[in-house]
There are 2 protein chains.
Amino acid sequence: MTKTPTRIQQRNRAAIMSAGLDVFSKFGFRGATLDQIAEAAGLSKPNLLYYFASKEAIHDALLERLLETWLDPLKDLDGAGDPIAEIMGYAQRKLTMSRDYPRESRLFANEILQGAPRIAETLKTDLKQLVDEKADIIKAWADAGKIAKIDPHHLIFSIWAFTQHYADFDVQVRAVLGDKPPYDGAAAFLDTLYEKLLRP
Amino acid sequence: MTKTPTRIQQRNRAAIMSAGLDVFSKFGFRGATLDQIAEAAGLSKPNLLYYFASKEAIHDALLERLLETWLDPLKDLDGAGDPIAEIMGYAQRKLTMSRDYPRESRLFANEILQGAPRIAETLKTDLKQLVDEKADIIKAWADAGKIAKIDPHHLIFSIWAFTQHYADFDVQVRAVLGDKPPYDGAAAFLDTLYEKLLRP
DNA sequence: TCTTGGTTTGACCAACTGGTCAAAACAACG
DNA sequence: CGTTGTTTTGACCAGTTGGTCAAACCAAGA
């Protein structure tokens with residue numbers, strides 16, 4: 001019987017989530033401080049703790065929301081669709097997410113880098129199940145000769161790695177490219193790469 | 001006129017570097033504590049500070065040593081060698097480094113994720129120069145029709161992304177693969193991927 | 001207007017942080 | 001052995017950290 005939150009609650013909880021995303025994605029859980037988050041949210045620290053029980057509660061809420069949306073692009077990979085178009089569509093969707101939600105990508109990267117203490121279970125159950133399921137689809141395509149024979153798991157890893165690289169290693173990418181915008185070239189390269197890899 | 005360090009100095013400084021690598025690679029600079037490092041090194045905190053002036057000094061020493069060796073595989077890419085063999089050799093060398101030095105990879109990833117506050121300059125000068133130089137070689141190969149026409153910079157990014165993924169996202173890779181060892185499949189996939197991409 | 005329930009804050013706290021220092025312990029060489 | 005330079009440590013410190021709490025503030029309906 002939880003009451004519907006007031007407008008103030010909605011506004012402040014949203015501000016805290018956004019501020020937490022900023023700070024956690026930049027410093028990781030241990031490196032982030034409540035004072036930083038409070039300041040970024042425009043609230044006092046006690047006020048922040050009026051809305052979230054603890055530092056960990058903010059982090060948990062962020063991770064939960066992230067995991068929900070993070071795997072959506074893969075869920076959309078459709079076994080009934082055109083194989084090459086489906087896989088390349090997935091890769092492009094992931095690249096778009098890196099471009100539009102780099103903070104989320106870095107929050108996730110931080111969590112994994114630190115050994116995934118808070119989501120290891122989810123990875124071993126939900127994520128593994130989803131990936132195995134999609135890997136089966138890809139393997140069936142390969143067996144039917146519709147795409148080249150490749151290891152489906154490592155194919156998925158390669159998509160994750162390449163697309164997230166542009167969000168997680170943003171400063172390095174920009175340092176190397178200088179003025180050139182990263183994402184145009186990345187999308188074109190992605191197309192070429194998987195087109196050549198997948199064509200049987 | 002710096003004196004040669006005693007055996008004790010060599011042993012303890014090495015122990016501190018290794019302990020620092022453990023802790024910094026797991027928690028990032030801000031998330032790591034001197035107490036953790038001291039305990040991992042088997043020394044008391046004041047004793048640790050007898051060998052390194054500060055927390056930052058340990059981190060700096062690690063980053064400096066890392067940058068030296070981190071770029072060696074790319075330096076070895078030889079414009080006079082066989083194009084496809086050179087690029088695929090580089091990719092395999094990087095994958096081997098991920099397997100054998102995962103802590104170093106994660107230390108680097110942490111630094112970049114957090115905005116590379118300590119090495120941004122090096123990236124914009126040394127790294128950019130090296131990459132541009134090798135990109136020119138690759139572009140020349142492409143122009144001469146010896147490999148397929150692809151964007152050299154994004155090709156290099158893709159190698160970094162894919163190979164480092166196995167070190168940086170180790171727990172996720174293992175969660176998804178279950179019992180299967182990651183690196184055998186990765187090396188095989190890497191071969192297929194760049195073989196297909198690069199053949200003109 | 002008063003009341004009620006949600007909201008905000010200043011003052012505070014114990015634990016932890018990076019770092020200091022003088023004194024003690026030790027190694028090694030003559 | 002004694003001396004000299006190196007190594008180690010316990011006690012300590014000031015600043016920061018996550019978190020608490022009672023009191024004040026405020027919005028809005030009766």
Side-chain angles (χ1 to χ4, degrees), chain A residues 1-64 107 110-111 114 117-118, chain B residues 1-64 107 110-111 114 117-118:
Chain A
M1 212 64 167
T2 43
K3 292 172 187 165
T4 59
T6 69
R7 266 165 303 149
I8 294 177
Q9 275 170 7
Q10 289 181 340
R11 168 168 52 81
N12 283 347
R13 286 185 70 92
I16 292 167
M17 296 276 277
S18 174
L21 185 54
D22 270 343
V23 178
F24 282 128
S25 69
K26 208 177 255 168
F27 299 108
F29 181 75
R30 295 214 38 194
T33 74
L34 282 179
D35 292 281
Q36 283 178 295
I37 300 172
E39 201 200 323
L43 299 172
S44 67
K45 187 168 58 170
N47 199 10
L48 186 152
L49 288 163
Y50 171 72
Y51 290 100
F52 285 87
S54 66
K55 179 185 177 183
E56 194 155 14
I58 305 173
H59 195 253
D60 286 355
L62 282 168
L63 272 186
E64 194 174 342
L107 178 71
N110 258 306
E111 176 69 10
Q114 312 198 348
R118 288 156 241 279
Chain B
M1 210 66 167
T2 44
K3 292 173 186 165
T4 59
T6 69
R7 266 166 304 148
I8 294 177
Q9 275 168 6
Q10 287 181 341
R11 168 169 51 82
N12 283 347
R13 286 184 70 93
I16 293 167
M17 295 277 275
S18 174
L21 185 55
D22 270 343
V23 177
F24 282 129
S25 70
K26 208 177 253 165
F27 298 108
F29 181 75
R30 295 211 39 192
T33 74
L34 283 179
D35 292 282
Q36 283 178 295
I37 299 172
E39 202 201 320
L43 299 173
S44 66
K45 187 167 59 171
N47 198 11
L48 186 152
L49 288 163
Y50 171 72
Y51 290 100
F52 286 87
S54 66
K55 178 184 177 182
E56 194 155 15
I58 305 173
H59 194 253
D60 286 354
L62 282 168
L63 272 187
E64 193 175 342
L107 178 72
N110 258 306
E111 176 69 10
Q114 312 197 350
R118 288 156 240 279

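In what follows, chains carry the letters A, B, and so on, assigned in the order in which the sequence lines appear, proteins first and then strands, with residues in each chain numbered from 1.
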Can you label the angle between the Phe24(B) ring and the Phe29(B) ring as parallel, tilted or perpendicular, going by 30° and 60°? parallel
For the pair made of CD in Gln9(B) and P in dA28(C), what is the distance, rounded to whole Å? 12 Å
With side chains defined as the heavy atoms from C-beta onward, is the minimum distance between Ile8(B) and Arg11(B) less than 4.5 Å? yes
Asp22(B) vs Lys26(B) side-chain heavy atoms within contact, under 4.5 Å: no
Donor-acceptor check, side chain of Arg30(A) to backbone of Ala32(B), threshold 3.5 angstrom: yes or no? no
Whole angstroms only, please: what is the CD1-C1' distance between Ile8(A) and dG6(C)? 8 Å
Does dT7(C) have OP1 or OP2 under 4.0 Å away from a side-chain N or O of Tyr50(A)? yes
At less than 4.0 Å, is any side-chain N or O atom of Ser44(B) found next to OP1 or OP2 of dT9(D)? Yes or no. yes
All ring pair (Phe, Tyr, Trp, His ring centres under 6.0 Å) counterparts of Phe52(B), not counting sequence neighbours: none
Send over the distance from Leu48(A) CG to dT9(C) C1', rounded to a whole Å. 13 Å
Treat primed atoms plus P, OP1 and OP2 as sugar-phosphate and everything else as base, then score nucleotides 17-24 of chain D 5' to 3': B for base contact with protein heavy atoms under 4.0 Å, S for sugar-phosphate contact only, - for none. SBBBB---
Can you check whether Asn47(A) has a side-chain N or O nearer than 4.0 Å to OP1 or OP2 of dG10(C)? no
Starting at atom CG of Asn12(A), determine the distance to atom C1' of dG6(C), rounded to an integer number of angstrom. 12 Å
Should we say atom CD of Gln36(A) is surrounded by more than 12 heavy atoms from elsewhere, each under 6.0 Å from it? yes
Within the pair Tyr51(A) and dT8(C), is there a side-chain N or O less than 4.0 Å away from OP1 or OP2? yes
Between dT9(D) atom P and Glu39(B) atom CD, what is the distance in whole Å? 14 Å
